[in-house]
Engineer: 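Take this structure first; my questions come after.
Quick note on labels: first sequence line is chain A, next is B, and so on, each numbered from 1.
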Amino acid sequence: MIRIHNTLTQQKEEFKPIEPGKVRMYVCGMTVYDYCHLGHARVLVAFDVITRYLRHRGYDVHYVRNITDIDDKILRRADENGEVYTDLTERMIAAMHEDEARLGVLSPTEEPRATAYIDEIVAMIHKLVASGHAYAADNGDVYFAVESYKDYGKLSKKKLEDLVAGARVDVQEAKRSPADFALWKAAKPGEVSWESPWGNGRPGWHIECSAMSNCCLGETFDIHGGGPDLLFPHHENEIAQSECANGQAFVNTWMHAGAIRVNKEKMSKSLGNFFTIREILEKYPPEIVRYFLVSSHYRSQVDYSEESLAEAGRTLTKLYHALRGIIPAKDVAETDYDKRFDEVMDDDFNTAGAIAVLHAVANEINQHRREGKDEEARQAAAVLVRLGGVLGLLQQDPEAFFQADTGGELTAEDIEAMIQARAEARKAKNFAEGDRIRDELAEKGIILDDSREGTTWRRG
RNA sequence: GGCGCGGUGGCAGAGUGGUUAUGCAGCGGACUGCAACUCCGUGUACGCCGGUUCGAUUCCGACCCGCGCCUCCA
């Protein structure tokens, strides 16, 4: 039995898909006006692990993650760059796919783009206007009438009175209530636009997700996820739109990832502590970044720092050491480790607990190999790779992981040659020369590991 | 001000009404020519104060502190 924390009820609940054996999940994707940052990576990796685990448990997961490719920020950025907005979005989508692939994030089942769903969006707005839940304002915009939906606020636990009383909502003459939000935005002169019954314009952000999830997954589906700051107003508005348009429940389980902080401060552009995925990947191998993200629970707030990444690197290195020089056995039956792994993961995807199981398996491998029990070690290695795979970890060849070119001055050939020279010196009992070579390599970031089978190296 | 989350050993981070989380770092030992890797051993941990209980880090209440959202934001 899988239990999932539902933001809607603020409790862990037994997960029961609408259709047995199938999971329909929607996650809010990127607005493609800039490179993805660490916060995006958190959401990407969190829902990637969730998808992998649900599949591991036998579910047929239909995972939809949208792309918002029309939006104020996109138009502004394209304008600043002096380029056509589609050039900007195409470039950012390509970059996003590159970042995802490097982090080991599997492609979603579908990746709908807002601009490909304009007709469906217009149809949904039309439905809302016809049923009195939305209205065309004098300025050409169409707004959702928040007061027409009695459950407004049920996800974010906000009361409409408080929202209206708050000074921070955008008070606009055209709106009936300050909390109303735009479904359709009238085009400004020269701006890209689409036709609609209310004049030329483009969709508001919230309605895109309602329309696309409706098209790809139906009126009611199992899981809707996203970043923590989307909870309000974005997800709240999605619920209002979808439930008013369809007259039935929108989503059963709402899931939100925790926020990323940087050196104990909120990550933000104004604080100058904003990291894009590609910036981080210049400094750390992708799997280490992924390990860092997976090593704490998806709902907890995590603090990014050089030190935590370094520690993640040391720990992952230890895991790969267990696998080094072993060819995992094939077709290994389910073990107690598999059971423990599933048990902790069943509890709201407790990846931290799952990683503890990984360490237990690694420890067993190391003990077997110390005792010369090669077959047992190969069996356990297969389990480690299998369970690691559910988290999207440990799928590389260990040597590839250890020796990944991080732009050091030495090539693999240089290193191999020096190791050879050291081996000869040691054979001649010239330990001083052997140690000198080892020290020289160490200075250049190369660590040697001697074993009965010979010397291996890694970049430290 | 409103709503919500959290305070666990040097650090990171799970979890539990009574029994080892795990990892990193440290220390001691084994292995090694010396290291590295690995193994074994090691650490008054659960914000504060009350309450419930045979027993609370784990449940309840108050308090202190930190954080998030309330505006575009993953």
Engineer: Can you find a pair of side-chain heavy atoms, one from A:Phe401 and one from A:Thr317, that are under 4.5 Å apart?
Structural biologist: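 Heavy-atom side-chain distance check passes, below 4.5 Å.
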Engineer: Using a strict cut-off of less than 4.0 Å between a Lys/Arg side-chain nitrogen and an Asp/Glu carboxylate oxygen, indicate whether A:Arg422 and A:Glu440 qualify as a salt bridge.
Structural biologist: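 Salt bridge: no.
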Engineer: For B:U22, does OP1 or OP2 lie under 4.0 Å from any side-chain N or O of A:His359?
Structural biologist: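 Answer no for this pair, as no side-chain N or O of A:His359 is under 4.0 Å from OP1 or OP2.
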Engineer: Rounded to the nearest 0.5 Å, what separates atom CH2 in A:Trp205 from atom NZ in A:Lys185?
Structural biologist: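 The NZ atom of A:Lys185 is 10.5 Å from CH2 of A:Trp205, to the nearest 0.5 Å.
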Engineer: Can a donor-acceptor pair under 3.5 Å be found between the side-chain atoms of A:Arg426 and the base atoms of B:G33?
Structural biologist: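 Check passes, donor-acceptor contact within cut-off.
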Engineer: Quick one: on RNA chain B, does A:Gly434 or A:Ala362 contact a more 5' nucleotide (nearest heavy atom)?
Structural biologist: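 Of the two residues, A:Gly434 wins.
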Engineer: Please determine if A:Asp435 and A:Arg426 form a salt bridge, counting it only when a charged side-chain N lies under 4.0 Å from a carboxylate O.
Structural biologist: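 Salt bridge: no.
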Engineer: Do the side-chain N or O atoms of A:Asn350 get closer than 4.0 angstrom to the phosphate oxygens (OP1, OP2) of B:G13?
Structural biologist: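 False: A:Asn350 side-chain N/O out of range (4.0 Å or more) of B:G13 OP1/OP2.
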Engineer: Is the phosphate of B:C40, meaning OP1 or OP2, less than 4.0 Å from a side-chain N or O of A:Gln367?
Structural biologist: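 Yes.
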Engineer: Give a yes or no on whether a salt bridge exists between A:Asp374 and A:Arg378, defined as a side-chain N under 4.0 angstrom from a carboxylate O.
Structural biologist: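 A salt bridge is absent here (no side-chain N lies under 4.0 Å from a carboxylate O).
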Engineer: When rounded to the nearest Å, what value does the distance between C1' atoms of B:C63 and B:C69 take?
Structural biologist: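 Approximately 24 Å lies between the C1' atom of B:C63 and that of B:C69.
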Engineer: Return yes if the base of B:G15 and the side-chain atoms of A:Asp347 contain a donor-acceptor N/O pair under 3.5 Å, otherwise no.
Structural biologist: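 By the distance-only test, no, there is no pair.
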Engineer: How far does CD1 of A:Ile239 sit from CZ of A:Phe250, to the nearest 0.5 angstrom?
Structural biologist: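 If I round to the nearest 0.5 Å, the distance is 7.0 Å.
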Engineer: On RNA chain B, check which nucleotide each of A:His206 and A:Glu307 is closest to and give me the residue with the more 5' one.
Structural biologist: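 Nearest nucleotide further toward 5': that of A:Glu307.
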Engineer: Given a 3.5 Å cut-off on both pairing distances, which stems involving RNA chain B, each at least three consecutive Watson-Crick or G-U pairs, are present, if any?
Structural biologist: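 The stems that RNA chain B takes part in, listed by first number, are B:1-7 with B:64-70, B:10-12 with B:22-24, B:26-30 with B:38-42, B:49-51 with B:59-61.
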Engineer: Closer than 3.5 angstrom, by distance alone: can the side chain of A:Asp180 be matched with the main-chain N or O of A:Ser177 as a donor-acceptor pair?
Structural biologist: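 Yes; judged by distance alone, with no hydrogens or angles, the pair exists.
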Engineer: If you compare every side-chain N and O of A:Ser300 against the phosphate oxygens of B:A14 (OP1, OP2), does one of them come in below 4.0 Å?
Structural biologist: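 Looking at the OP1 and OP2 atoms of B:A14, one of them is under 4.0 Å from a side-chain N or O of A:Ser300.
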Engineer: Does a nitrogen or oxygen in the side chain of A:Asn366 sit under 4.0 Å from OP1 or OP2 of B:C37?
Structural biologist: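 No.
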Engineer: Would you indicate, yes or no, if B:C67 has its OP1 or OP2 atom less than 4.0 angstrom from a side-chain nitrogen or oxygen of A:Lys266?
Structural biologist: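 Checking A:Lys266 against B:C67: no side-chain N or O falls below 4.0 Å of OP1 or OP2.
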Engineer: Between B:A36 atom C1' and A:Glu453 atom CD, what is the distance in whole Å?
Structural biologist: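 From A:Glu453 CD to B:A36 C1': 15 Å.
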Engineer: Going by modelled atom types, is there a donor-acceptor pair between the base of B:A35 and the side chain of A:Arg438 at under 3.5 Å?
Structural biologist: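 Between B:A35 and A:Arg438, which were checked side chain against base, a qualifying N/O pair under 3.5 Å is present.
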